[in-house]
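Sequential numbering from 1 along the given sequence is applied to the chain's residues.
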Amino acid sequence: MRVCAVLLLLRRQTRKRPGQLLSLAVLTAVAALLLNIALMLSTEYLSGLSARAQADNSPDESMLVLPGLRADEIRAEVAARPELALAEVQDVHFAQVTFPFDGSDMSTLALVFDRDRPPTMGTRTDVAEAGEPVVNPIWAPALLMYSGEYATGDELTLFTPQGSETFHIQGFYEDLFGASTNMGALYFAVDGPRFADFDTPGFAPALSIGARAAEGADAFDELQGAVGEVQSRLGPGEPGVYVPWSANGVILTEGSPAIGANVFSVSFTSFALVIVLVTLVVMRFLIANLVIRDMTVTGVLRATGYTTGQIMAHVVLAFGGAASVASALGVVASYLVLPAVAGSLSAQSGVAWEPAFSLRAALPTVGMLTGAVCLFAAWGALRIRRVTTVAALRGGIATHSTRTDRLPLDRRRGPVDVLLGVKAMLQQPAQGVILGVTVTALTFASVFAVGMATNILGDPVAFSRLVVGAVEDAT
């Protein structure tokens, strides 16, 4: 019987105020869309990169070594290290290069591999290939394609201080360690015969070493130790052995890819919190006014046997139900927006991300928003408990009032509308404070949004510098 009574009141509420519930639902859906995207980035994106690194058997550490005349000794030292569970040494050509990118010149370290000798640690996954052979072919990192700057068959001119050479892109591939400048270097590849006589000006032969350490050991320390052992045996006047670059696998989840994902995550979370704050504040006072307008109805319901709990429950269920449905729809809608976010992250990291449905993001999103709405709805409905049945039947008007009139109209001069407004503000100071906080939050969100649109979305170069920093030419 109690349940039926609540359902009858709930039906009355939804029929009488569909506009208010619809407004709440729209705001909640937008907040759910933003919050679910933020949780997807923080829970799925970076963990996905880490999982892929494990699945691809990617090295814990990758190091570029200029071996001088000691290439064979370096190979032997690396192979002899018992603390290295896995190690692979590959011949490469390397140089500090620049090439046209995003309206300017990108400067980065370039490593050219032999495509006919695929690595045993990590994988190079082809993501695009030209339909027919091209002149002077080269395989480029997928970052160049995801950014929209290059396509298969396009010319790619690599400039070094000693000269330049123009290649044509045969295809694109993904490699976690050489996918983008986030790692400090870009990996390119050419076919075996071209690699054997690679004579692009400015490129020098080197060794690329990938390693995984045994439990309790550190891959970087072991590789550094192997190189240091060879360096200790160099004779007077002999070409040196140098390490111009190295990268740790932790950078995949804690370096620049994490910065880009966190920028989006914090931004979406901030906007969602502002929307939720505004929604809850508006709903709080909306329910308070609703209680006042329905005071006589509340008195009649109490007089006819309805309990205060039943009357409060139908208010909470009406707003909470609308919030739960709207937040679920917002989660679904977020998967229509996620591909655009994933494309932006791919253009930064050089690794494609295909977001899939995640309960780890959806359930907290729906639960937090629905719980917040129900909590504030119950808070607003508490006013029902403070009104007696007799006062409710009289429209909420008590028999007498002990409150002080701080601005009596018969003794204050001035425009009546201004005096009434000041009186209302003095009678409800909490509402004025919360309104001020809400306006402040909206102002912050507006300035933040304009700043993001101007400095990130409106200037990709500035965003790249924010994420990876300014890379200067080595001189």
Side-chain angles (χ1 to χ4, degrees), residues 62 64-67 71 88-120 122-208 210 244-245 346-347 349-352 464 471 473-475:
S62 185
L64 179 67
V65 180
L66 276 68
E88 180 181 29
V89 182
Q90 293 180 283
D91 292 308
V92 298
H93 297 280
F94 93 101
Q96 185 73 28
V97 303
T98 59
F99 58 90
F101 187 82
D102 196 23
S104 60
D105 290 333
M106 174 182 283
S107 177
T108 184
L109 191 68
L111 278 64
V112 179
F113 289 81
D114 183 350
R115 182 168 168 79
D116 292 342
R117 295 182 178 180
T120 58
T123 58
R124 296 187 187 128
T125 306
D126 295 343
V127 294
E129 183 176 2
E132 56 186 22
V134 298
V135 177
N136 199 13
I138 192 171
W139 287 76
L143 169 74
L144 276 62
M145 180 182 70
Y146 294 148
S147 64
E149 295 295 320
Y150 289 90
T152 55
D154 286 355
E155 290 185 353
L156 175 63
T157 302
L158 301 180
F159 296 90
T160 69
Q162 290 75 28
S164 64
E165 183 171 356
T166 298
F167 299 87
H168 289 81
I169 299 176
Q170 183 68 52
F172 297 96
Y173 67 90
E174 291 182 357
D175 186 304
L176 292 183
F177 266 85
S180 76
T181 53
N182 298 335
M183 304 299 292
L186 290 178
Y187 287 3
F188 296 85
V190 294
D191 295 333
R194 180 71 175 90
F195 182 86
D197 59 356
F198 195 80
D199 56 358
T200 300
F203 277 81
L207 298 177
S208 175
W245 171 80
S346 297
S349 66
V351 179
S464 298
V471 181
D473 292 336
T475 57

> Backbone N or O of Q90 within a donor-acceptor pair of the S208 side chain at under 3.5 Å?
Replying inline: no
>> Main chain of Y187, side chain of Y173: is a donor-acceptor contact present, judged purely on distance under 3.5 Å?
In response: yes
> Which is it for M106 and L186 under the side-chain contact (heavy atoms from CB on, under 4.5 Å) test, yes or no, and what are the steps along the way?
Replying inline: CA-CA 11 Å; M106 174 182 283; L186 290 178; 4.2 Å; yes
>> Please give me the minimum heavy-atom distance between V134 and A130, naming the atom from each residue.
In response: CG1-CB, 4.3 Å
>> To the closest 0.5 Å, what do you measure between CD1 (I138) and OG1 (T200)?
In response: 7.5 Å
> Looking only at heavy atoms, what is the nearest atom pair of F101 and S147, with distance?
Replying inline: CE1-OG, 3.3 Å
> Between E88 and T120, is there a donor-acceptor pair closer than 3.5 Å when you use the side chain of the first and the backbone of the second?
Replying inline: yes
> With a 4.5 Å limit on heavy-atom distance, are the side chains of L144 and D154 in contact?
Replying inline: no
>> What I'd like to find out is whether the side chain of P100 reaches to under 4.5 Å of the side chain of F159, using heavy atoms alone.
In response: yes
>> As an exercise, state the distance from CD1 of I169 to CD of E155, rounded to the nearest 0.5 Å.
In response: 10.0 Å
> How close do P201 and S164 get, heavy atom to heavy atom, and via which atoms?
Replying inline: CD-O, 4.0 Å
> Which distance, rounded to the nearest 0.5 Å, do you find between the CD of E174 and the CG of D126?
Replying inline: 10.0 Å
> Would a distance-only check, ignoring hydrogens and angles, find a side-chain to backbone donor-acceptor pair under 3.5 Å from S346 to V351?
Replying inline: yes
> Where do F172 and W139 come nearest, in terms of heavy atoms and distance?
Replying inline: N-CE3, 3.7 Å
>> Pairing donors with acceptors under 3.5 angstrom, does anything connect the side chains of T157 and T166?
In response: yes
> How far does CZ of F94 sit from OG1 of T160, to the nearest 0.5 angstrom?
Replying inline: 11.5 Å
> With R194, which residues qualify under salt bridge (Lys or Arg N to Asp or Glu O under 4.0 Å), at least two apart?
Replying inline: E165, D199
> Within a strict 4.5 Å, meaning less than it, do heavy atoms of the L207 and V92 side chains meet?
Replying inline: no
>> What I'd like to find out is whether the side chain of S62 reaches to under 4.5 Å of the side chain of W245, using heavy atoms alone.
In response: yes
> Distance under 6.0 Å and angle within 45° of the ring axis: does R117 meet both against F195?
Replying inline: no
> Is there side-chain contact between R115 and D191, with heavy atoms separated by less than 4.5 Å?
Replying inline: yes
> If every non-hydrogen atom of A206 is compared with every non-hydrogen atom of L64, which pair is closest and at what distance?
Replying inline: CB-CD1, 3.7 Å
> Under a 4.5 Å cut-off applied to non-hydrogen side-chain atoms, are F167 and F99 in contact?
Replying inline: no
> Taking V190 as the fixed residue, which of V112, D114, D116, N136 is the one that meets the side chain to side chain contact (heavy atoms under 4.5 Å, CB included) rule?
Replying inline: V112
> So, do R124 and P118 sit near enough that their side-chain heavy atoms are less than 4.5 Å apart?
Replying inline: no
>> Could you check whether any side-chain heavy atom of P119 comes within less than 4.5 Å of a side-chain heavy atom of F113, counting everything from C-beta outward?
In response: no
